[in-house]
Amino acid sequence: MQENFFNQVYEVVKLIPKGKVTSYGAIAKYLSSSRASRMVGWAMNNCHSRSEYIPAHRVVNRNGLLIGKAFFGKENEMSLLLNDEGVEVKDDQIINFKNHFWDPSIELTL
DNA sequence: CGATTGACGTACG
DNA sequence: TCGTACGCCAATC
């Protein structure tokens, strides 16, 4: 399979610390282009094809909205996981998103 | 093999 | 400030 973009996405997502969240655009920008955010979402769509578990619930859109909840299975599961990790989520919307935001381009110190 | 879609985001009007 | 168009790459139809 793709050992460059997709694998990079999965690796970054798995590196997200507990209680932290990031956005598709942040990962895309860290990997290549800011406009490659669709590829990140596509990677998440195929995340089940990966051998490792991908904490996709820690990856949200630019608005901090749990857009992927519909693909996660149980809608509440995604919110509950984030809440359990210390991330405040209200109505599928992350509260203090900026406070919980985890930027790979900064945390990974590219 | 060619066209369209897809967990988004940025740029331009 | 709000709305529409485009870009990225892979997978599916």
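In what follows, chains are A, B, ... by sequence order, proteins preceding strands, each numbered from 1. Not measured: the values here are computed from a predicted model.
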Side-chain donor/acceptor of A:Asn61 to backbone N/O of A:Asn63, under 3.5 Å: yes

Verify same cluster id: A:Tyr24, A:Tyr10 (apolar side-chain graph, 4.5 Å): yes

Side chains of residues 31-48 of chain A: which donor-acceptor pairs under 3.5 Å do they make with residues two or more places apart or in other chains?
none

Spacing of A:Trp42 atom CH2 relative to B:dC8 atom P, expressed in whole Å: 11 Å

Interatomic distance where NZ belongs to A:Lys29 and P belongs to C:dC9 [whole Å]: 17 Å

Run the side-chain donor-acceptor check on residues 78-85 of chain A: report pairs under 3.5 Å with partners two or more places apart or on a different chain.
unit_1: A:Ser79; atom_1: OG; unit_2: A:Asp92; atom_2: OD1; d: 3.4
unit_1: A:Asn83; atom_1: ND2; unit_2: A:Ser79; atom_2: O; d: 2.8
unit_1: A:Glu85; atom_1: OE1; unit_2: A:Arg58; atom_2: NE; d: 3.0
unit_1: A:Glu85; atom_1: OE2; unit_2: A:His57; atom_2: NE2; d: 3.2
unit_1: A:Glu85; atom_1: OE2; unit_2: A:Arg58; atom_2: NE; d: 3.3
unit_1: A:Glu85; atom_1: OE2; unit_2: A:Arg58; atom_2: NH2; d: 2.9

Atom-pair distance (CZ on A:Phe6; P on C:dC9), nearest Å: 11 Å

Within residues 86-101 of chain A: residues closer than 4.0 Å to DNA chain B (heavy atoms): none

Pairs touching residues 74-94 of chain A that satisfy ring pair (Phe, Tyr, Trp, His ring centres under 6.0 Å), sequence neighbours left out: none

Touch class at under 4.0 angstrom, heavy-atom based, for A:Ala28 against every strand present: nothing

Set of side-chain contact (heavy atoms from CB on, under 4.5 Å) partners for A:Asn96, sequence neighbours left out: A:Glu88, A:Asn99, A:His100

Distance, P atom - from B:dG6 to C:dG3, rounded to whole angstrom: 23 Å

Whole angstrom value for the distance that separates C1' of B:dT5 from CZ of A:Phe71: 11 Å

Atom pair distance, as rounded to whole Å: CD1 in A:Ile67 and P in B:dG6: 13 Å

Atom-to-atom span, CG of A:Asn4 to C1' of C:dC9 - whole angstrom: 10 Å

Short heteroatom pairs, N/O only, protein and nucleotides 9-13 of chain B, under 3.5 Å:
unit_1: B:dG9; atom_1: OP1; unit_2: A:Arg62; atom_2: N; d: 2.3
unit_1: B:dG9; atom_1: OP2; unit_2: A:Arg62; atom_2: N; d: 2.9
unit_1: B:dG9; atom_1: O4'; unit_2: A:Ser37; atom_2: OG; d: 2.9

For residues 12-23 of chain A, please give each side-chain donor-acceptor pair under 3.5 Å, one per line with the distance, not counting sequence neighbours.
unit_1: A:Thr22; atom_1: OG1; unit_2: A:Trp102; atom_2: O; d: 2.9
unit_1: A:Ser23; atom_1: OG; unit_2: A:Ala26; atom_2: N; d: 3.3

Considering all heavy atoms, the nearest A:Phe97-A:Arg62 contact: CE2-O, 3.8 Å

Beyond-backbone contact of A:Val60 with A:Ile67, side-chain heavy atoms, under 4.5 angstrom: no

Interatomic distance, A:Leu31 CG vs C:dC9 C1' [rounded to whole Å]: 12 Å

Spacing of A:Tyr10 atom OH relative to C:dC9 atom P, expressed in whole Å: 16 Å

